[in-house]
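Numbering starts at 1 and runs along the sequence shown.
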Amino acid sequence: MNPLPPPPPGRNPMKRFRTHFNGYSVEFSPFEENKLACASAQHFGIIGNGRQYILDVLENEIHQMRAYDSRDGLYDCSWSEENDAHIVAASGDGSIKLWDTNAPAGPPLKSFEEHTHEVYSVDWNLKHKDSFVSGSWDDTLKIWNPRQPRSLRTWKEHQYCVYASIWSPHLPDVFASVSGDYTLKIWDQNNPRSVQTIHAHDYEVLSLDWNKYNEHEVATGSVDKTIRIWDIRNPERPITQLRGHSYAVRRLKWSPHSESMIASSSYDMSLIVWDLALENPLLHRMDHHTEFVVGLDWNMFIEGQMASCSWDESLCVWNLHNMPPPSMMGAPHRAPPPHMPGPSQRPPNQGPPPPIPPRRK
């Protein structure tokens, strides 16, 4: 493992922000290089409220610009690709909240309420910039236009919770999803059924991302602790499999600046940056959180800048090139905390997933 150069004199190697709630998702703005969003939930998302943060990443600190409260936990967020002030958030009450971040406080601009269980993922279309996709624990996927009161289309083909859904960055009508039914599915929004189903893992699949430089390459992360890279033209077996986490892989993000670089975060409280062009692809392991690391993103405007959020109520921002976190050189793994609510956090030796749990009270 090659050490990174030390940070420049006088520069803070890592900026931290206290979220007070448990962090679930972070996403840099596609319009402003210093703007960052964080979706969070009270009491680990089991019960309680949610909070959507809008943050300004300054040179030496992270400043809170806005904070919007919701009645239930927020599990994911995604910036609009057509309006720099709009953001959607996935809620535990089955709704999707649309906030106008020009408003200093108050209720959301809209609340889309069709899903019947927790909404676990939202993603805005990079090509058709007037639509976004949602995935839910009710097993369904929905396409939305924020100007329309109802969803444009619904798919119910997965046999268990949908944990993640994401648009292709290359093809405007194509998106992908992963589920507790062990599958990766590829969809075309013009078709009533999925166009491809891949048995991606032998346990629940929690995360995925599309390579931003290769329209055929998709990565999946699972409760089985592995990351698999797929060429969807040859789905019989993965191109490669990455092992390095000791618990479930919760989030994956391909770098916007490198075809071969991908980051992963896990319930083992670590974040790993991989470079598939290297003989040993595990480039850096970071252990700067003390709870499950659930949110992860790269800044498309600043090469090497990353953000993460965790159940430890902290959000961190750093740059791989000149601001390495203090513990980035592979601190020993610790055992995860004892609380493991929800099917997505079951250890991988408990067999097939049970029926969807009832709504949290």
Quiz prompt | Close aromatic pair by centroid cut-off 6.0 Å: His216 and Trp230 | solution = no
Quiz item: Under 3.5 Å, is there a donor-acceptor pair linking the side chains of Glu118 and Tyr75?
Solution: no
Quiz item: Closest heavy-atom contact between Tyr267 and Leu206?
Solution: CE1-CD1, 4.1 Å
Exercise. State, to 0.1 Å, how close Ala176 and Trp210 come at their nearest heavy-atom pair, and which atoms those are.
Key: CB-CZ3, 3.4 Å
Self-check item: Spatial distance of atom CG (Asn211) from atom CD (Glu217) [nearest 0.5 Å]
Solution: 5.0 Å
Practice problem: State, without any angle test, whether Glu113 and Ser95 hold a side-chain donor-acceptor pair at a distance under 3.5 Å. | Solution: no
Self-check item: Reported CE-to-CG distance for the pair Met261 and Asp275, which is rounded to 0.5 angstrom
Solution: 4.5 Å
Self-check item: By ring-ring contact (aromatic ring centres under 6.0 Å, His included) - contacts of Trp298 (at least two apart)
Solution: none
Quiz item: Just how far is it from atom OG of Ser314 to atom CZ of Arg16, taken to the nearest 0.5 Å?
Solution: 5.5 Å
Self-check item: Side-chain donor-acceptor contact under 3.5 Å, Ser194 with Trp155
Solution: no
Self-check item: For Ser264 against Trp274, the heavy-atom pair lying closest together
Solution: OG-NE1, 2.9 Å
Quiz item: Do Arg250 side-chain atoms and Ser265 backbone N/O form a donor-acceptor pair below 3.5 Å?
Solution: no
Quiz item: Just by distance, do the side chain of Thr183 and the backbone of Lys185 share a donor-acceptor pair under 3.5 Å?
Solution: no
Quiz item: CZ/Phe21 to CG/Asn49 distance, rounded to the nearest 0.5 angstrom?
Solution: 5.5 Å
Exercise. Please report the shortest heavy-atom distance between Met269 and Glu291, naming the atom on each side.
Key: CG-O, 3.0 Å
Quiz item: Would a 4.5 Å heavy-atom cut-off, applied to side chains only, mark Phe175 and Asp123 as touching?
Solution: no
Quiz prompt | For Trp124, ring-ring contact (aromatic ring centres under 6.0 Å, His included) partners two or more places apart | solution = Phe132
Quiz item: When you check the side-chain N and O atoms of Ser165 and Ser121, is any donor under 3.5 Å from an acceptor?
Solution: yes
Practice problem: Answer yes if the side chains of Thr101 and His86 hold a donor-acceptor pair under 3.5 Å, and no otherwise. | Solution: no
Quiz item: Taking atom types as modelled and ignoring hydrogens, do the side chains of Ser134 and Lys142 form a donor-acceptor contact shorter than 3.5 angstrom?
Solution: no
Quiz item: Looking at CZ of Arg251 and OH of Tyr163, how far apart are the two atoms once the value is rounded to the nearest 0.5 Å?
Solution: 13.5 Å
Practice problem: Please determine, by modelled atom types, if Ser70 and Asp72 share a side-chain donor-acceptor pair under 3.5 angstrom. | Solution: no
Quiz item: So does Arg237 have more than 12 non-hydrogen atoms from other groups sitting under 6.0 Å from CZ?
Solution: no
Quiz prompt | Set of residues satisfying side chain to side chain donor-acceptor pair (under 3.5 Å) with respect to Ser258, sequence neighbours excluded | solution = Ser260
Quiz item: Is the side chain of His201 donor-acceptor paired with the backbone N or O of Leu184 at a distance under 3.5 Å, no angle test?
Solution: no
Practice problem: Taking the side chain as every heavy atom from C-beta outward, state whether Leu320 and Met286 have any atom pair closer than 4.5 Å. | Solution: yes
Quiz item: Nearest heavy-atom pair of Leu141 and Gly135: which atoms, and what distance?
Solution: CD2-CA, 4.1 Å
Quiz item: Hey, which of Arg147, Lys129, Lys127 is the one that makes salt bridge (charged side-chain N to carboxylate O under 4.0 Å, His left out) with Glu82?
Solution: Arg147
Quiz item: Are Tyr53 and Ser40 side-chain neighbours, meaning at least one heavy-atom pair lies under 4.5 Å?
Solution: yes
Self-check item: Option from Asp181, Asp139, Thr197 for which side-chain hydrogen bond (donor to acceptor under 3.5 Å, both in side chains) with His158 holds
Solution: Asp181
Quiz item: Under 3.5 Å, side chain of Asp297 to main-chain N/O of Ser308, donor-acceptor pair present?
Solution: no
Self-check item: Check: Lys35 main-chain N/O paired with Ser29 side-chain donor or acceptor under 3.5 Å
Solution: no
Quiz item: Do Val162 and Thr140 come close enough that some side-chain heavy atom pair is under 4.5 Å?
Solution: no
Quiz item: Are any of the side-chain heavy atoms of Leu98 and Ile87 separated by less than 4.5 Å?
Solution: no
Quiz item: Is a donor on one side and an acceptor on the other found under 3.5 Å between the side chain of Thr19 and the backbone of Glu313?
Solution: yes
Quiz item: Any side-chain donor-acceptor pair under 3.5 Å between Asp173 and Asn190?
Solution: yes
Quiz prompt | Ser136 side chain to His117 backbone, donor-acceptor under 3.5 Å | solution = yes
Self-check item: 4.5 Å side-chain heavy-atom contact, Leu58 and Asn34
Solution: no
Quiz item: Of all heavy-atom pairs between Tyr68 and Asn102, which one has the smallest distance, and what is that distance?
Solution: OH-N, 4.5 Å
Practice problem: Starting at CD of Gln189, measure out to CG of Leu152 and round the result to the nearest 0.5 Å. | Solution: 8.0 Å
Quiz item: Backbone N or O of Pro172 within a donor-acceptor pair of the Asn125 side chain at under 3.5 Å?
Solution: yes
Quiz item: Any donor-acceptor pair under 3.5 Å linking the side chain of Glu61 with the backbone of Lys15?
Solution: no
Quiz item: Side chains of Leu208 and Val218: closer than 4.5 Å at any heavy-atom pair?
Solution: yes
Quiz item: Using a distance-only test with no angle check, is there a side-chain donor-acceptor pair under 3.5 angstrom linking Ser177 and Trp187?
Solution: yes
Quiz item: For the side chain of Tyr24 and the backbone of Phe44, is there at least one donor-acceptor N/O pair under 3.5 Å apart?
Solution: yes
Quiz item: Does one side chain, of Ser111 or Lys97, offer a donor that lies under 3.5 Å from an acceptor on the other?
Solution: yes
Quiz item: Would you say the side chain of His284 lies within less than 4.5 Å of the side chain of Ile272, judging by non-hydrogen atoms?
Solution: no
Quiz item: Can you tell me if Ser270 and His245 form a side-chain donor-acceptor pair at under 3.5 Å?
Solution: yes
